[in-house]
Amino acid sequence: MTDMIRDAGVKQPLPTRGVGEKPAADFGYVGIDAILEQMRKKAMKQGFELNIMVVGQSGLGKSTLINTLFKSKVSRKSVQPTAEERIPKTIEIKSITHDVEEKGVRMKLTVIDTPGFGDHINNENCWLPIMKFINDQYEKYLQEELNINRKKRIPDSRVHCCIYFIPATGHS
């Protein structure tokens with residue numbers, strides 16, 4: 001009896017393609033390869049978001065590295081601080097956002113800079129504001145996801161990559 005029920009279903013042949021042939025652009029059928037192509041086109045159309053945090057003491061080349069990676073001036077321009085700015089009381093986290101496009105691929109690039117990190121004599125708890133910032137961004141994104149009436153596209157301010165610069169001491 002179970003064999004009859006199993007064999008009673010109508011079987012339709014799967015769509016076939018020739019070797020090296022690309023899937024149809026109109027996606028007339030539903031299949032795994034059509035879904036992957038639709039997802040790729042949607043991602044290329046919407047673009048990507050990348051949030052990079054650079055952490056380290058002043059003068060280690062954070063801005064230079066980011067500008068070199070993206071072949072443009074995307075990081076803040078370094079200027080000589082005044083006497084009051086040389087000794088910051090706390091770490092002020094600054095974000096700079098740019099829209100970068102190359103070969104038809106759009107990317108919203110956010111560089112998160114942490115001036116003043118590690119510039120003090122006592123750097124015992126200097127990492128606390130950075131950890132608080134990262135955790136706050138993840139919490140903010142989670143709360144947005146948990147909303148009943150959430151947005152179609154949630155703005156992503158989470159830190160995707162954190163580059164930590166270690167100063168060369170000259171000692172081996």
Test side-chain contact (heavy atoms from CB on, under 4.5 Å) applied to Arg40 and Leu36, step by step:
CA-CA 6 Å; Arg40 186 189 69 77; Leu36 294 175; over 6 Å; no
Shortest non-hydrogen contact between Val55 and Cys162, atoms and distance:
CG2-SG, 3.8 Å
Hydrophobic clusters here meaning ILVMFWY residues chained together by side-chain heavy-atom distances under 4.5 Å, can you tell me if Val100 and Ile66 are in one?
yes
Rounded to the nearest 0.5 Å, what separation is found between the OG1 atom of Thr110 and the NE2 atom of His160?
9.0 Å
What residues form a side chain to side chain donor-acceptor pair (under 3.5 Å) with Gln137, not counting sequence neighbours?
Ser157
Single-linkage hydrophobic cluster, 4.5 Å side-chain cutoff, Tyr138 and Ile93 together
yes
Once you round to the nearest 0.5 Å, how far does CD1 of Ile112 lie from SG of Cys161?
10.0 Å
Looking at residues at least two apart in the chain, or sitting in another chain, which of them share a side-chain contact (heavy atoms from CB on, under 4.5 Å) with Ile166?
Tyr164
Residues 145-165 vs salt bridge (Lys or Arg N to Asp or Glu O under 4.0 Å), sequence neighbours excluded, gives Glu49-Arg153, Asp156-Arg158
Contacts of type side chain to side chain donor-acceptor pair (under 3.5 Å), residue Ser95, not counting sequence neighbours
none
Might you point out which heavy atoms bring Pro155 and Tyr141 nearest each other, and give the distance in Å?
O-CD1, 3.8 Å
Return all side-chain donor-acceptor pairs below 3.5 angstrom for residues 101-108, not counting sequence neighbours, or 'none' if the list is empty.
unit_1 : atom_1 : unit_2 : atom_2 : d
Arg106 : NH2    : Lys45  : O      : 3.4
Arg106 : NH2    : Gln46  : O      : 3.0

Using side-chain contact (heavy atoms from CB on, under 4.5 Å) as the criterion, list what pairs up with Phe165, not counting sequence neighbours.
Val54, Leu60, Lys62, Leu65, Ile163
Sequence-distant partners of Glu144, side chain to side chain donor-acceptor pair (under 3.5 Å), two or more places apart:
none
I need the minimum non-hydrogen distance between Thr68 and Thr64, along with the two atoms involved.
OG1-O, 2.7 Å
Name each donor-acceptor pair under 3.5 Å that joins a side chain in residues 129-136 to protein atoms two or more places apart or in another chain, with its distance.
unit_1 : atom_1 : unit_2 : atom_2 : d
Lys132 : NZ     : Asp136 : OD2    : 2.9
Asn135 : ND2    : Met131 : O      : 3.2

Could you give the distance from CD (Glu139) to CG (Leu146), rounded to the nearest 0.5 Å?
8.5 Å
